[in-house]
There are 2 protein chains.
Amino acid sequence: MDGASAAKPNKRVTITDVARHAGVSTAAVSKVMRNAYGVSEAMREKVQAAIADLGYRPHAAARGMRGRTYTIGVLLDNVRNAFFADILDGIRDELRHTDYTVLIGAAGFDPEEQARTIRSLVDRQMDGLILIAPGTPRAEVLDTAVSTPTVVIGHHDASDTYDSVVDADDLGAGLVVDHLVSLGHRDIALVSAPGTRANKWKRTPEAVLSEGYLHAMQRHGLDRFARVHHTAYSDDGGFKAGMTLLTADRPPTAVMTGADVAALGVYRAAHELGLRIPRDLSLVGYNNTALAALAPVQLTSVDQAGHTMGSAAARMLVERVENRRDRAMQTTMTPRLVVRSTTGAPQGR
Amino acid sequence: MDGASAAKPNKRVTITDVARHAGVSTAAVSKVMRNAYGVSEAMREKVQAAIADLGYRPHAAARGMRGRTYTIGVLLDNVRNAFFADILDGIRDELRHTDYTVLIGAAGFDPEEQARTIRSLVDRQMDGLILIAPGTPRAEVLDTAVSTPTVVIGHHDASDTYDSVVDADDLGAGLVVDHLVSLGHRDIALVSAPGTRANKWKRTPEAVLSEGYLHAMQRHGLDRFARVHHTAYSDDGGFKAGMTLLTADRPPTAVMTGADVAALGVYRAAHELGLRIPRDLSLVGYNNTALAALAPVQLTSVDQAGHTMGSAAARMLVERVENRRDRAMQTTMTPRLVVRSTTGAPQGR
DNA sequence: GAGACCGTGTAAAACGTTCTCCACAGCGAG
DNA sequence: CTCGCTGTGGAGAACGTTTTACACGGTCTC
């Protein structure tokens with residue numbers, strides 16, 4: 001292979017090296033790399049041979065100074081959420097055979113830190129951004145979207161600046177309520193995320209979910225049973241919510257949650273209180289993550305097609321990056337109920 | 001005016017703008033930014049005021065052309081592994097109050113794609129790399145480590161080029177075997193990952209784990225019971241392994257696995273075969289991920305202190321990036337057994 | 001009082017690309 | 001023969017930083 005040039009240590013092969021080796025100008029090499037207009041077949045071949053010979057890889061940072069950087073940045077709050085992993089897979093699969101690389105910024109839940117991460121991505125000259133349910137003020141997102149193509153996943157607030165991909169969470173909530181009602185439940189509680197973020201997102205996934213839940217309860221004439229408990233989407237948050245709900249005067253016979261992991265927290269609470277599932281309590285999660293399907297769990301959940309959402313987001317983003325579309329658009333996915341063994345008919349007690 | 005070329009409003013604030021605003025040279029501003037030697041107090045204040053005034057943020061790509069980019073790249077195969085999430089948290093916490101940003105490349109399991117991702121990170125001028133159990137040929141890692149400071153997590157193969165952080169997996173295996181033996185088990189099987197990667201890593205985590213297991217079995221005089229089953233670390237892989245092991249002529253009374261998720265697959269197999277845990281089968285995972293602690297699971301597992309491993313890796317990497325150390329080093333963490341309710345005394349059957 | 005040295009600041013040369021012009025050659029039309 | 005067009009290639013100016021090399025004025029030392 002290249003035993004000869006192995007001697008020189010860490011010297012990168014640059015476009016100039018390629019140009020010299022092929023006996024052409026750097027401009028020509030650049031054109032070939034970007035397959036831009038104005039190169040003859042002969043030129044293309046000559047240059048490509050030189051590129052292969054030298055093992056040239058363009059320096060992304062340098063590219064970023066003038067043109068594209070062929071990098072897509074993804075912001076998410078935490079890597080632990082298996083639903084996000086589905087989205088990421090979708091993004092990756094969509095982009096696999098393109099020149100784009102996906103880099104992930106895991107920012108944590110703190111809005112300020114998320115904002116910092118977004119700025120970092122922009123400073124690093126990402127060609128486009130995919131923000132998964134960002135907690136930063138909407139104004140900031142709008143701001144960065146002006147200069148960097150952006151797709152927001154999760155929040156239903158549309159915009160003419162950024163594109164968005166959402167799941168019809170209201171429909172999802174309806175599916176769950178319908179299912180539970182058809183089993184005979186009437187006292188159905190919802191465990192949702194705290195919607196108190198003072199950041200101008202009006203239609204967060206949790207808000208839309210709650211809305212759908214309330215409408216569905218109303219539709220079934222069960223308004224008076226409706227109650228929403230807000231808590232963090234985590235095992236612990238779910239546990240606390242479960243404890244509160246299940247030790248109330250008139251505990252619900254069914255609990256639906258906005259995230260699988262929270263449902264498992266409720267599960268733990270029920271367990272601790274000596275309630276059996278689904279005999280004494282029916283439990284439904286959301287997102288249908290790998291957790292839900294686990295052997296000892298078998299949680300009824302709502303599938304959001306995270307993979308599809310991810311690939312849709314990636315596709316939309318690339319369209320924008322490559323200037324093939326100049327109007328904002330929204331994509332909405334339809335959720336599907338996956339019934340497993342944590343839901344059943346309520347046993348009178 | 002036309003809508004097409006509309007709006008290039010967002011002109012970035014550059015170092016030149018700051019320099020002009022402060023009435024100094026760009027070199028001076030640069031020095032202040034990097035707090036380099038040779039600026040008077042007055043100068044520093046003047047420049048910092050200008051920076052604040054204009055909201056200047058250095059352009060990382062441009063920085064990358066000459067100096068640092070203040071970005072650390074992390075390679076991992078899949079985001080789903082909760083253990084990796086712990087490591088990431090550790091990295092993030094360590095770097096939180098520094099100027100560095102962490103970007104994650106999730107490459108999947110294909111070695112070729114992992115290699116491509118590593119190259120991407122290098123091309124994007126990362127200051128340093130943290131590779132979590134990379135599947136790429138060792139030679140390639142050594143190669144990139146020459147030009148970019150690199151920390152390898154997981155593989156026990158040491159090097160004088162890259163730093164490494166590992167868990168004493170052999171000790172971990174010993175802990176598990178000791179625990180199971182003390183409960184009365186003798187027929188203990190290990191479910192490990194396929195070690196057949198032809199990529200020159202001799203001492204992968206799985207290999208060291210198997211080694212530790214075999215030694216421990218030997219130590220207890222249980223050589224003849226020792227058996228290692230290789231499978232992918234996934235729910236499905238664990239299920240298949242469980243099926244094979246548990247339907248054998250002389251099924252083991254205890255199974256330990258190299259990953260929690262695989263243990264849950266075995267759990268599913270046992271469940272399907274009508275075996276109760278821990279009565280008919282004791283089960284131990286590895287990594288003590290959030291999965292293990294889940295209410296319906298309560299899996300005995302080995303804690304690897306992923307958070308600490310991550311922060312150690314980050315600390316070591318920054319030392320290298322900032323040239324505060326020029327010798328390679330290895331850090332080894334000590335594992336700890338966390339006993340939950342999937343292990344118990346074997347019931348003769 | 002000459003030289004060496006110090007601390008502070010700047011000018012200008014990189015860094016590796018992209019991209020806008022411009023030059024040139026060949027060719028068809030008038 | 002000139003003109004204008006077209007298709008191909010290259011020169012060179014950005015892009016926003018860092019860094020080197022040096023200038024300048026002042027102090028210290030002998």
Side-chain angles (χ1 to χ4, degrees), chain A residues 10-48 50-51 54-71 99 122-125 127 147 321-323, chain B residues 5 8 10-48 50-51 54-71 99 122-125 127 147 321-323:
Chain A
N10 35 4
K11 207 68 190 146
R12 257 193 101 91
V13 177
T14 74
I15 201 173
T16 317
D17 299 331
V18 176
R20 187 167 35 233
H21 190 266
V24 301
S25 73
T26 62
V29 179
S30 176
K31 280 185 189 173
V32 171
M33 284 303 297
R34 298 171 291 122
N35 42 60
Y37 175 81
V39 275
S40 64
E41 197 46 45
M43 170 67 89
R44 173 178 310 292
E45 277 168 17
K46 203 165 41 175
V47 170
Q48 251 150 10
I51 289 173
L54 270 48
Y56 167 66
R57 285 168 11 214
H59 190 291
R63 276 187 142 173
M65 299 247 34
R66 303 273 310 156
R68 302 252 192 76
T69 185
Y70 294 95
T71 314
D99 288 336
V122 173
D123 293 348
R124 274 155 193 80
Q125 192 72 12
D127 290 343
S147 52
V321 169
E322 297 179 350
N323 279 317
Chain B
S5 73
K8 290 214 171 190
N10 281 57
K11 218 57 181 125
R12 257 194 101 93
V13 177
T14 74
I15 200 173
T16 318
D17 300 332
V18 176
R20 187 168 34 231
H21 190 266
V24 300
S25 72
T26 63
V29 179
S30 175
K31 279 186 188 173
V32 171
M33 284 303 298
R34 297 171 290 122
N35 42 60
Y37 175 81
V39 276
S40 64
E41 196 46 45
M43 171 65 89
R44 171 177 311 308
E45 276 169 18
K46 203 164 44 173
V47 170
Q48 251 150 11
I51 288 174
L54 271 47
Y56 167 66
R57 286 172 3 218
H59 191 292
R63 277 187 142 173
M65 300 245 31
R66 300 237 72 216
R68 302 251 193 78
T69 184
Y70 294 95
T71 314
D99 287 336
V122 173
D123 294 347
R124 275 157 193 79
Q125 192 72 13
D127 290 342
S147 51
V321 168
E322 297 178 350
N323 280 317

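Throughout, protein chains are lettered first and strands after them, A, B, ... in sequence-line order, and every chain is numbered starting at 1.
- In this structure, the side chain of B:Thr16 does not engage the main chain of B:Thr14 through any donor-acceptor pair within 3.5 Å.
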Close N or O pairs between protein and nucleotides 6-10 of chain C (under 3.5 Å):
from	atom 1	to	atom 2	distance (Å)
C:dG7	OP2	B:Tyr37	OH	3.3
C:dG9	OP1	B:Ser40	OG	3.2
C:dG9	OP2	B:Ser40	N	2.9
C:dG9	OP2	B:Ser40	OG	2.9
C:dG9	N7	B:Lys31	NZ	3.3
C:dT10	OP2	B:Ser25	N	3.2
C:dT10	OP2	B:Ser25	OG	3.0

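- At least one side-chain heavy atom of A:Tyr56 sits less than 4.5 Å from a side-chain heavy atom of A:Met33.
- Across the protein-nucleic acid pair, A:Arg63 atom CZ and D:dG16 atom C1' stand 18 Å apart, rounded to whole Å.
- Rounded to a whole Å, the OH atom of A:Tyr70 is 13 Å from the P atom of C:dT17.
- Base contact: B:Arg34 has a heavy atom under 4.0 Å from a base atom.
- Distance from the side chain of A:Ala62 is smallest to C:dG16 among C:dG16, D:dT17, D:dT18.
- Looking only at distances, no side-chain donor or acceptor of A:Gln125 sits under 3.5 Å from a matching main-chain atom of B:Ala61.
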Practice task
List the steps and the verdict of side chain to side chain contact (heavy atoms under 4.5 Å, CB included) for B:His59 and B:Met65.
Solution key: CA-CA 10 Å; B:His59 191 292; B:Met65 300 245 31; over 6 Å; no

Practice task
Assess whether side chain to side chain contact (heavy atoms under 4.5 Å, CB included) is satisfied between A:Asp123 and B:Arg12, documenting all intermediate values.
Solution key: CA-CA 10 Å; A:Asp123 293 348; B:Arg12 257 194 101 93; 2.8 Å; yes

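- B:Asp123 has its CG atom 15 Å from the C1' atom of C:dC15, to the nearest Å.
- In this structure, CD1 of B:Ile15 is placed 8 Å from C1' of D:dT18, rounded to the nearest angstrom.
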Problem - Full working for side chain to side chain contact (heavy atoms under 4.5 Å, CB included) between A:Lys46 and A:Val32 - result: CA-CA 10 Å; A:Lys46 203 165 41 175; A:Val32 171; over 6 Å; no

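- Atom CE of A:Met33 is separated from atom C1' of C:dC19 by 16 Å (rounded to the nearest Å).
- A:Arg66 has no side-chain polar atom (N or O) that falls below the 4.0 Å cut-off from OP1 or OP2 of C:dC19.
- Computed from coordinates, the B:His59 NE2 to D:dT17 C1' distance equals 10 Å when rounded to whole Å.
- Here D:dG16 presents its P atom at 9 Å from CD of A:Gln125, a figure rounded to the nearest Å.
- Computed from coordinates, the A:Arg124 CZ to D:dT17 C1' distance equals 14 Å when rounded to whole Å.
- Here the OG1-CG distance, from A:Thr26 to A:Asp17, works out to 11.5 Å after rounding to the nearest 0.5 Å.
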